[in-house]
There are 2 protein chains.
Amino acid sequence: MTSASDIHSKTVLVRKLESIATFSDEERQAILSLPSQTRVLKPGQDIVRDGDTPSQCCLILDGWAYRYKVLGEGRRQIFSFHIAGDIPDLQSLHLHTMDHTLATVTEATVAFIPHQSMRELTMRYPSVGAVLWRDTLVDAAIFREWMIGIGRKSAFGRIAHLFCEMYLKLESVGLASDHRCPLPMTQVDIGDALGLSNVHVNRVLQELRGKGLITLRSNTLVIHAWDEMIQASEFDPTYLHFEQRAAG
Amino acid sequence: MTSASDIHSKTVLVRKLESIATFSDEERQAILSLPSQTRVLKPGQDIVRDGDTPSQCCLILDGWAYRYKVLGEGRRQIFSFHIAGDIPDLQSLHLHTMDHTLATVTEATVAFIPHQSMRELTMRYPSVGAVLWRDTLVDAAIFREWMIGIGRKSAFGRIAHLFCEMYLKLESVGLASDHRCPLPMTQVDIGDALGLSNVHVNRVLQELRGKGLITLRSNTLVIHAWDEMIQASEFDPTYLHFEQRAAG
DNA sequence: CGGACAATTGATCTACCTCAAAATTGGTGG
DNA sequence: CCACCAATTTTGAGGTAGATCAATTGTCCG
């Protein structure tokens, strides 16, 4: 079950977790030794569905994923976007029934890790458990920040905020720099994430371009005026909890 | 530090956690032995503020609390309401800087428990840690559900949904029955929680009353037509994760 | 080259907001 | 027990950010 390429896959996880925590050699080895199964998924493919009771969780190695829930009449709310190093359904370790769906945005490479192994890991090494717990808490902090946007900010501020957030998340794991990053979701996706119609998203994007704040084409975002974007969106990165060495 | 009334205070916590998990005698005793300091707080008083780095967390014994963040120009977003048995700032155990504020709605009795003691508890009894972790995951699930409301539901649906949620939360800890429950927040609070103006909240409340769905006065809510409320708000209690015996 | 999907544009509509004032409620001190 | 104050709820009128509907254009890719 644990091949050489398999260990390599969990390096993505260790690297992300070690950006904010410190592990002993034994703990690091325990994470790398987690059994897992790697698969390549097509764009727009559901990974775990609303109502499922999964017995494994999903570590993203490459590509983008997102979480969403559909209501009646085609309404959809997107909760989050995920990139390499994320375990978007880590919550299923303790919440047995999925209350939303996890799917790919782009083609994606993911590693599935059995819940059983994750539980054994967190029971034997509670400090590793604390770091994973922390990860789900940052997740929740991001939900809160999105609530602020959807509930109390203009469409302009919301979109600018999302762009700042995605850039910083990508930069923090080495997938972006120089205020340039990949951004593979469609305008419909952005609307469903921020509670806007695709038409309005399109118009606000034109406004952002018109003011020279960003460039966005062929799935690449460039932020030309970081400070103005920060200000327009009332962005404060505290909620991303990027602090160094914050292990439990 | 651990008086008789002190142990009694943590009974509130044990009772809540045992509604979904099972503890050994030793684990139960460890929770009851947590040191804590009980205080009575006035209505509308901040408990922990945005930007603080607290060294303890707060167990609600009686009364209501809520979490919020303020933006410029008096805009405020409320993230959640909390009742007896909740530890609304449990996240501060692993996220050192508060990214929002916790405050009382009503007069409230709360017990403060040092982070240090909570950490020792979760390190020594990882399965207790798992139950606390789970609690923060339900918290996040509720945030997601609110995002759906704010992003994709009408004001009518949002308010009806909030009422169904609060009733079930209260009922689950024995603070409500017969579709009747306390509801001490103001219409301004409801608006700030759901991304609405107080004026519009008022008009929707009249509509709910006019249709005979609810009664709401002197801080008491009665839901007369549960099924219609469920339907109007597209309420599905799965996200509250009330399952029996779900320990990690 | 064709087909599907994504982005864009135009025109119209409405759910909800803002501002401002009045009525009601609940608590408090005399 | 009443008078009064502050907070909350309610009502009215007018305004707007963003929705909806429907068509057109652009882009990617087999």
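Naming: A, B, ... by sequence-line order, numbering from 1 per chain.
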### Query
Please give, in whole Å, the distance from D:dT8 P to B:N219 CG?
10 Å
### Query
Please give, in whole Å, the distance from C:dC16 P to A:R152 CZ?
13 Å
### Message
In this structure, is the centre-to-centre distance between the rings of A:Y239 and A:H161 below 6.0 Å?
### Response
yes
### Message
Any base atoms under 4.0 Å from A:S197, or only sugar-phosphate, or nothing? Heavy atoms, all strands.
### Response
base
### Task
Let me know, please, whether B:V204 or A:T186 comes out on the 5' side of the other along DNA chain C by nearest nucleotide.
A:T186
### Message
Which is more 5' along DNA chain D, the nucleotide nearest A:A155 or the one nearest B:M185? Just name the residue.
### Response
B:M185
### Query
Is there a donor in the side chain of B:N198 and an acceptor in the side chain of B:Q187, or the other way round, less than 3.5 Å apart?
no
### Task
Answer whether the closest heavy-atom distance between the side chains of A:F81 and A:E165 falls below 4.5 Å.
no
### Summary
Regarding the side chain of B:Q187, the nearest nucleotide among C:dA6, C:dC16, D:dT10 is D:dT10
### Task
Check whether the ring centres of A:F79 and A:W146 lie less than 6.0 Å apart, and answer yes or no.
no
### Task
Can you figure out which of D:dT9, C:dA11, C:dA20 approaches the side chain of B:N202 most closely?
D:dT9
### Message
Under the criterion side chain to side chain donor-acceptor pair (under 3.5 Å), I'd like the reasoning laid out for A:R67 against A:Q77: C-alpha separation, chi angles, the key distance, then a yes or no.
### Response
CA-CA 9 Å; A:R67 294 193 276 171; A:Q77 179 67 48; over 6 Å; no
## Note on the structure
Separation of C:dA22 atom P from B:N198 atom CG, nearest Å, is 17 Å
#### Entry: Donor-acceptor pair present, A:R217 side chain and D:dG26 base, under 3.5 Å
no
### Query
Roughly how many Å is it from CG in A:L183 to P in C:dA7, rounded to a whole number?
11 Å
### Task
Please tell me if the side chains of A:K69 and A:T101 come closer than 4.5 Å, counting only heavy atoms from C-beta onward.
no
### Query
Which nucleotide in the set C:dG26, C:dC19, C:dC16 lies at the smallest distance from any side-chain heavy atom of B:S218?
C:dG26
### Any side-chain heavy-atom pair of A:L41 and A:I47 under 4.5 Å
yes
### Task
With a 4.0 Å heavy-atom cut-off, tell me which residues in residues 69-78 of chain B come close to DNA chain D, sorted by residue number.
none
### Query
Can you tell if the side chain of A:I159 reaches within under 4.5 Å of the side chain of A:V201, non-hydrogen atoms only?
yes
## Note on the structure
The nucleotide from D:dT10, D:dT20, D:dG18 with an atom nearest the side chain of A:S154 is D:dG18
### Task
Could you tell me the separation between the NZ atom of B:K153 and the C1' atom of C:dC16, rounded to a whole number of Å?
18 Å
## Note on the structure
From CG of A:L205 across to P of C:dA6 the rounded distance in Å is 15 Å
### Task
Find the distance B:H200:NE2 to C:dA15:C1' and express it as a whole number of Å.
6 Å
### Task
Look at all strands and tell whether B:G195 reaches a base, only sugar-phosphate, or nothing, counting heavy atoms closer than 4.0 Å.
sugar-phosphate
### Query
Could you give the CZ-to-C1' distance, from A:R203 to C:dA7, as a whole number of Å?
12 Å
### Within the 6.0 Å centroid threshold, strictly below: A:H82 and A:Y66
no
### Task
Please work out which residues in residues 206-214 of chain B have a non-hydrogen atom less than 4.0 Å from an atom of DNA chain C and list them by number.
none
### Query
If you look at every heavy atom in B:F163 and B:L208, which pair is closest and at what distance?
CE1-CD1, 4.3 Å
